[in-house]
Amino acid sequence: MPNRIAIVGAGFCGTVLAAALLRRPPADFAEVVLIERGPAMGRGLAYAVRECPFLLNVPAGRLSVDANEPLQFLRFAQRAVPDADAEDFLPRQLYGDYLQDVLVRAQRDSEVKLTRIFGEVTNLSRRDGGLLRLDFAGRDPLHASRVILALGNPPPPAFRWAEEVRNHPAYLEDPWTLPAQLNSEHSVLIVGNGLTMADVTFSLTRDAGRAPRLLTISRRGLIPLPQSTFHAAAVRGGAEFFADAASIREILAAGRNLAREVERLGGDWREVVTFIRNVAPTLWRRLPEAERRRFVRHLQSYWDIHRHRLPPQMAAHMEALRRNGMLEINAGRIHRLEPRGDRLRVTWCRRGADRTESFVVDAVVNATGPDYALKRSRNPLLQALRTAGWVSEDPLDLGLRTDARGACVGADGSAGDQLFYLGPMLRADHWEATAVTELRNHADQLARHLADAAA
């Protein structure tokens with residue numbers, strides 16, 4: 001039996017890692033197996049083919065999966081959009097096309113076999129001889145020497161306030177499957193105010209004449225800030241800028257001072273956010289748990305709206321909706337959803353208020369974003385691995401514990417050399433692990449480690 005590396009998940013992370021392994025295969029490995037439970041490889045939820053032309057929230061010139069060719073995606077995109085430039089925000093579907101092309105080219109030029117499997121892995125176990133066995137739903141098992149979990153973003157949380165309406169047709173837990181019949185006669189509550197909310201808003205209001213009235217609720221009522229043209233590498237240096245900062249309060253103060261200085265010199269605060277983002281893993285790892293917890297509780301929402309920004313045209317669209325009274329942004333907490341025939345009654349409390357109020361809407365969309373808590377995961381493979389002690393969660397429920405190589409840390413606190421993780425749940429140990437740049441770098445590092453380990 002040939003030595004195999006099995007990658008579970010063929011979205012961005014799985015595809016980019018598979019391509020890297022095909023270009024620089026580990027010694028003695030003859031096969032890379034890429035496994036996807038969805039309908040297409042190289043897309044995942046983020047870059048799926050959809051009727052709505054969702055836009056990337058990063059300019060085309062910063063989305064290459066090859067650090068040595070920073071404009072690779074732009075050149076690919078120009079085949080379909082000849083006048084595209086590096087600062088354009090292009091359709092996400094086009095990025096999925098690009099990822100598929102990256103994999104095809106890597107496969108064409110590699111001596112290593114790439115096997116594509118469509119199916120769902122439900123369990124993992126160790127066999128005699130040290131091989132790992134992957135069990136599937138509805139197909140024969142597969143054996144591999146190493147397994148990389150590249151499972152993508154988990155679904156939103158299953159909130160207690162929605163228990164009574166979980167199966168009600170007006171409660172939409174999946175924000176990507178919106179009913180076509182919602183129109184100007186309807187009202188829709190979107191729970192959450194982040195990038196997913198912006199996507200839902202855009203999808204429901206593309207046709208202004210048919211758009212429903214939209215309300216949102218999130219804990220703080222903050223929405224993502226817009227992107228702009230800026231120099232991503234304008235602020236240079238490393239974490240030494242924050243060398244004297246021993247707490248979140250001190251890091252925040254240092255960051256604000258740097259932003260003021262950059263703007264005084266005619267720069268853009270986004271340059272500072274990009275700089276902090278690049279050193280965030282170093283800062284995060286040196287913070288004690290109490291300071292990490294303080295950040296998650298008090299500052300994460302503010303970091304998110306500065307870090308995860310909207311394409312300018314989408315920000316302008318949302319601002320126009322707000323001015324026209326078609327979009328109302330609210331801060332508060334939902335207490336309960338109750339059925340009212342075909343509609344839902346929402347009981348909630350405004351931020352800072354001491355009494356609840358209620359209203360009735362035609363639909364409620366859960367757009368709160370991914371739930372990274374392992375203990376609440378609805379992925380059968382992750383639950384099986386957690387039960388068996390193969391993987392473990394961090395104290396803040398931010399994701400999976402991993403070591404410096406990306407190897408999964410088990411319940412006993414140790415990490416082996418056969419099971420690895422690549423994806424946004426690396427944020428438990430790195431904080432910044434959700435964007436193309438960070439995940440591309442993690443994929444490259446893991447591919448190099450696997451090659452070195454097999455040498």
Side-chain angles (χ1 to χ4, degrees), residues 4-26 29 31-38 40-48 56-77 90 92-110 112-118 144 146-153 277-278 281 370 399-400 402 405-407 419-427 430 432-452:
R4 290 193 186 106
I5 293 178
I7 303 172
V8 185
F12 174 87
C13 289
T15 300
V16 171
L17 178 62
L21 291 171
L22 291 171
R23 288 193 299 266
R24 302 183 300 272
F29 274 80
E31 184 179 14
V32 174
V33 180
L34 189 56
I35 304 164
E36 172 58 40
R37 66 177 181 176
M41 295 192 175
R43 293 195 178 277
L45 282 175
Y47 312 119
L56 296 159
N57 66 329
V58 176
R62 303 178 205 162
L63 284 171
S64 172
V65 301
D66 188 340
N68 297 317
E69 291 188 58
L71 297 181
Q72 186 186 73
F73 169 60
L74 175 62
R75 294 192 182 101
F76 174 87
L90 299 175
R92 288 186 209 164
Q93 179 178 328
L94 185 59
Y95 197 72
D97 296 341
Y98 163 65
L99 292 177
Q100 291 180 336
D101 183 70
V102 166
L103 185 61
V104 167
R105 286 188 288 110
Q107 181 181 10
R108 181 189 60 209
D109 300 332
S110 180
V112 173
K113 179 182 179 182
L114 173 66
T115 300
R116 304 170 190 239
I117 293 178
F118 286 94
R146 288 186 173 88
V147 173
I148 295 91
L149 306 175
L151 304 172
N153 269 318
R277 180 184 131 193
N278 291 334
L400 288 175
T402 54
R405 306 165 300 163
L419 180 63
F420 299 82
Y421 173 80
L422 176 64
M425 294 174 82
L426 287 170
R427 65 205 299 266
H430 300 271
E432 277 300 312
T434 57
V436 163
T437 301
E438 288 90 20
L439 292 174
R440 177 197 69 193
N441 292 341
H442 283 297
D444 285 343
Q445 291 167 11
L446 179 53
R448 285 195 298 270
H449 165 72
L450 293 172
D452 294 342

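- The minimum heavy-atom distance between Asn153 and Pro424, with the atom names listed, is OD1-CG, 3.3 Å.
- Proximity of a side-chain donor or acceptor of Tyr47 to a complementary backbone N or O of Tyr98 within less than 3.5 Å is not detected.
- Of the inter-residue distances, the one linking Met425 atom CE with Leu151 atom CG reads 8.5 Å to the nearest 0.5 angstrom.
- The shortest non-hydrogen separation linking Ala6 to Ile35 is CB-CD1, 4.4 Å.
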Would Thr402 and Phe420 satisfy side-chain contact (heavy atoms from CB on, under 4.5 Å), going step by step from the backbone distance to the final call? CA-CA 8 Å; Thr402 54; Phe420 299 82; over 6 Å; no
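- In plain terms, the two heavy atoms of Ala433 and Leu439 that are nearest each other are O-CD2, 3.3 Å.
- With hydrogens and angles disregarded, a donor-acceptor distance shorter than 3.5 Å links the side chain of Gln100 to the backbone of Met41.
- Taking 4.5 Å as the limit, some side-chain heavy atom of Glu31 sits within range of a side-chain heavy atom of Thr115.
- With Ile5 as the partner, the side-chain contact (heavy atoms from CB on, under 4.5 Å) test is satisfied by one option alone out of Ile148, Val147, Val112: Ile148.
- To the nearest 0.5 Å, atoms CG (Leu446) and SG (Cys13) are separated by 10.0 Å.
- Salt-bridge formation is detected for the pair Glu438/Arg277: a Lys NZ or Arg NE/NH1/NH2 atom is positioned less than 4.0 Å from an Asp or Glu carboxylate oxygen.
- Here the CZ-CG distance, from Arg108 to Leu114, works out to 13.5 Å after rounding to the nearest 0.5 Å.
- Smallest separation of non-hydrogen atoms from Ala150 and Ile7: CB-CG2, 4.2 Å.
- Looking only at distances, a side-chain donor or acceptor of Glu36 sits under 3.5 Å from a matching main-chain atom of Ala10.
- The existence of a salt bridge linking Arg448 and Asp444 is excluded, since no basic side-chain nitrogen approaches an acidic carboxylate oxygen closer than 4.0 Å.
- Arg43 has its side chain within reach of Gln93: a pair of non-hydrogen atoms, C-beta onward, lies under 4.5 Å apart.
- Contact check for Val16 versus Val102: no side-chain heavy atoms found under the 4.5 Å cut-off.
- Here the side chain of Tyr95 pairs a donor or acceptor atom with the backbone of Leu63 at under 3.5 angstrom.
- Using modelled atom types, one side-chain atom of Arg440 and one backbone atom of Ser64 make a donor-acceptor pair closer than 3.5 Å.
- Taking the side chain as every heavy atom from C-beta outward, Val58 and Val436 never approach each other to under 4.5 Å.
- Side chain of Asp101 to backbone of Asp97: no donor-acceptor contact under 3.5 angstrom is found.
- Across every non-hydrogen atom of Phe29 and Arg146, the tightest pair is CZ-NH1, 3.3 Å.
- Atom NE2 in His442 sits 4.5 Å away from atom NE2 in His430 (nearest 0.5 Å).
- In this structure the side chain of Gln72 reaches within 4.5 angstrom of the side chain of Val65, judged on heavy atoms.
- Considering CG of Leu99 and CZ of Phe73, their distance stands at 8.5 Å, rounded to 0.5 Å.
- For the atom pair OG1 (Thr437) and CG (Asn278), the distance works out to 8.0 Å, reported to the nearest 0.5 Å.
- Contact annotation: the side chain of Leu22 approaches that of Leu103 to within less than 4.5 Å [non-hydrogen atoms, C-beta and beyond].
- For Leu94 against Ala77, the heavy-atom pair with the smallest separation is CD2-CB, 3.6 Å.
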